Amino acid sequence: MPAPLEDVADALRRMMDLLLRVDDDPALGHITSELHAVSDLLEAEFDDERPFDKMLHSDAPRHDPVSGVENAIAPPIVVEVDSDGTAHAEVDFGLPYQGPKGLLHGGISALFLDHVLSLANSNNRSGVDNGFLVTAQLSLRYHKPVPLFERATVSARQTSIDGRKVRAAGEISVGGEVAVSAEGLFIATRIRPADVPGDKGGA
Ligand SMILES: CCCCCCCCCCCCCC(=O)SCCNC(=O)CCNC(=O)[C@H](O)C(C)(C)COP(=O)(O)OP(=O)(O)OC[C@H]1O[C@@H](n2cnc3c(N)ncnc32)[C@H](O)[C@@H]1OP(=O)(O)O
């Protein structure tokens, strides 16, 4: 039975986390060879070096670095959207996302907020021109550090629609307190999903 790619990605996540916990050790030479052997096996599985089509044909975001279950860089988070349009996800950030000691890297906060703001918008597009909604501006305020290994909530809601321009706001909260807040401007591109062969929608 073929193993789902998400299981392989999960195994990789475990390994990335472990690698950040060990020090230099003679055993690592052997581990490096083993990892290259696994990569050789994977490399034999594809012939396209830039397989963007795989992402464009997805029914769900499986390859992005935040929610993508098949992308080992992603935790991955599961974003839920409430009936009032609020998008939210829970996440315990671990060592791969560390910036200052024990704290979340600020660029990772930006990545996760961009993603969740974006999903809050893509779930409410009535009246918006039918292009891809891309981030045009993202403004963040870092109120408090986000500690690693603690439950954080990333949430966002759409705040306005003005033709091709859609705005959203959101925050990362820990223990009920806002640690990072964000405002974003998203613009519907002139290129529409229908102009991209095989595309099923996306952001
Ligand atoms: C289902 C499948 C699943 C897959 C999903 C995966 C999930 C992943 C989701 C996560 C995804 C995460 C999200 C991502 O990562 S999205 C990727 C990151 N973002 C980008 O790459 C965007 C790059 N920029 C552009 O493409 C263009 O510059 C855009 C399209 C933004 C505008 O270029 P365009 O030539 O079309 O614009 P226009 O000249 O007609 O202007 C139109 C209006 O907009 C105003 N304006 C323009 N720019 C700005 C600006 N920067 N600030 C303020 N205002 C701006 C402008 O003044 C005008 O206003 P007005 O005069 O009408 O009033």
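FYI, the numbering just counts along the sequence from 1. Remember, it's a predicted structure, so these values are computed and weren't measured experimentally. Remember, it's 1-based here, ligands and their atoms both numbered in the order they're listed.
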For S118, which part has a heavy atom under 4.0 Å from ligand 1: side chain, backbone, both, or neither? side chain
I187 and ligand 1 - part of the residue with a heavy-atom distance under 4.0 Å: side chain
Nitrogen or oxygen of [X] less than 3.5 angstrom from that of ligand 1:
X: H115; value: no
X: D64; value: no
X: T189; value: no
X: V134; value: no

Using a strict cut-off of less than 4.0 Å between a Lys/Arg side-chain nitrogen and an Asp/Glu carboxylate oxygen, indicate whether R141 and E171 qualify as a salt bridge. no
Is any NZ, NE, NH1 or NH2 atom of the basic residue among D10 and R14 found under 4.0 Å from an Asp or Glu carboxylate oxygen of the other? no
Might you point out which heavy atoms bring A152 and F93 nearest each other, and give the distance in Å? CB-CE1, 4.3 Å
Once salt bridge (charged side-chain N to carboxylate O under 4.0 Å, His left out) is applied, do any residues pair with E183, and if so which ones, sequence neighbours excluded? none
Quick check for you: to the nearest 0.5 Å, what is the distance between L117 atom CG and L138 atom CG? 6.5 Å
Starting at CG of D7, measure out to CG of L12 and round the result to the nearest 0.5 Å. 11.5 Å
Just jot down the ligand 1 atoms closer than 4.0 angstrom to any heavy atom of [X], in number order.
X: L185; result: 52 (N), 53 (C), 54 (N)
X: K165; result: 43 (C), 44 (O), 45 (C), 58 (C), 59 (O), 60 (P), 63 (O)
X: D114; result: 12 (C), 13 (C), 14 (C), 15 (O)

Which option out of R164, Q137, R62, H63 puts a heavy atom nearest to atom 40 (O) of ligand 1? R164
Considering only Ile, Leu, Val, Met, Phe, Trp and Tyr, and joining two whenever side-chain heavy atoms are under 4.5 Å apart, list the other residues clustered with I187. L185
